[in-house]
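Here's the structure, in structure tokens; my notes come after.
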Amino acid sequence: MTHLLELRDVTASYGPVQALFGITLDLGEGEVVALMGRNGMGKTTTIRCISRLMPHSAGSLRFAGRDVAGLSAPKVARLGVGLVPEGRRCFAPLTVAENLTVAARPGPWDMARVCALFPRLQERMGQIARTLSGGEQQMLAIGRALMTNPRLLVLDEATEGLAPVVRQEIWAGVRRLKAEGLSILLVDKSLTEIASVADRAVIVERGATVWQGGIADLTSDLTDRYLGV
Ligand code: ATP
């Protein structure tokens with residue numbers, strides 16, 4: 001079976017410091033996969049390699065049937081990797097509407113659909129992004145990625161640091177995206193929410209995949225061993 005995203009034994013370094021020692025990960029079309037692991041284990045670095053914000057050193061990394069090794073970040077974005085980076089980055093001085101418009105690429109996702117997913121954005125169309133709440137900025141960051149009409153949405157810690165009620169709005173949005181058939185790779189710390197939306201999980205420890213399987217097979221033994229504090 002060919003997957004939308006396939007990583008095989010991917011390694012990567014920050015200068016002399018090796019961060020990834022062998023990440024293997026598969027994500028099929030329409031699947032939601034959770035990339036899990038304790039702090040500093042290599043989740044964000046893996047996402048940076050997938051979106052070509054940094055090169056990998058060895059192993060293979062394929063998206064939509066293509067080896068992405070030689071491709072630039074904008075090229076991979078055009079191929080359909082929609083990244084929502086950690087820290088909910090938007091263009092701070094631009095309005096909500098401008099943020100969404102500059103990201104737009106042809107496809108089924110447009111401003112109306114993003115607003116249907118996150119109605120709060122509709123109410124804030126003319127507001128400068130910098131003045132939004134953290135949760136609204138996160139919704140805008142997800143909205144921007146959707147406006148690119150991605151084949152794969154990559155969410156890095158999308159609910160980090162948000163109030164519980166706002167987290168629930170984000171998770172409701174993610175569940176809706178899954179129901180609509182979007183492929184999603186997500187990093188998050190909330191096991192309960194991950195269990196409610198992910199099809200499969202990949203656990204990383206010290207920069208290497210140590211477990212990959214169906215979400216129903218993610219036992220408390222595994223979570224205690226690899227995710228416990
Ligand atoms: P967190 O949940 O805390 O974001 P993570 O699993 O996403 O953690 P990474 O951010 O990928 O982990 O970090 C993996 C390793 O790479 C860590 O040992 C980290 O210290 C190191 N690292 C991350 N960014 C850099 C950098 N810019 N320069 C050097 N080392 C880095």
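FYI, the numbering just counts along the sequence from 1. Atoms within a ligand are numbered from 1 in the order they appear, just like the ligands themselves.
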Close side-chain approach of Ile50 to Leu5, heavy-atom, < 4.5 Å: yes
Other ILVMFWY residues reachable from Tyr14 by side-chain steps of under 4.5 Å: Met54
Return a table of donor-acceptor pairs under 3.5 angstrom between the side chains of residues 182-190 and protein atoms on other chains or two or more places apart.
residue, atom, partner, partner atom, Å
Ser183, OG, Gly30, N, 2.7
Asp188, OD1, Thr159, OG1, 3.4
Asp188, OD1, Ser190, N, 2.9
Asp188, OD2, Thr159, OG1, 2.8
Lys189, NZ, Asn39, OD1, 3.3
Lys189, NZ, Glu157, OE1, 3.4
Lys189, NZ, Glu157, OE2, 2.8
Ser190, OG, Glu193, N, 3.3

Ser72 side chain to Arg52 side chain, donor-acceptor N/O pair below 3.5 angstrom: no
Sub-4.0 Å heavy-atom environment of ligand 1, residues by chain: Tyr14, Ala19, Arg38, Asn39, Gly40, Met41, Gly42, Lys43, Thr44, Thr45, Glu86, Glu157, Lys189
Donor-acceptor contact below 3.5 Å, side chain Asp199 vs main chain Glu31: no
Cut-off 3.5 Å, no hydrogens considered: what does the side-chain donor-acceptor table look like for residues 110-122, sequence neighbours left out?
residue, atom, partner, partner atom, Å
Asp110, OD1, Ala112, N, 3.3
Asp110, OD1, Arg113, N, 3.0
Arg113, NH1, Pro108, O, 3.4
Arg113, NH2, Glu180, OE1, 2.8
Arg120, NE, Glu169, OE1, 3.0
Arg120, NE, Glu169, OE2, 3.3
Arg120, NH1, Glu136, OE2, 3.4
Arg120, NH2, Glu169, OE2, 2.8

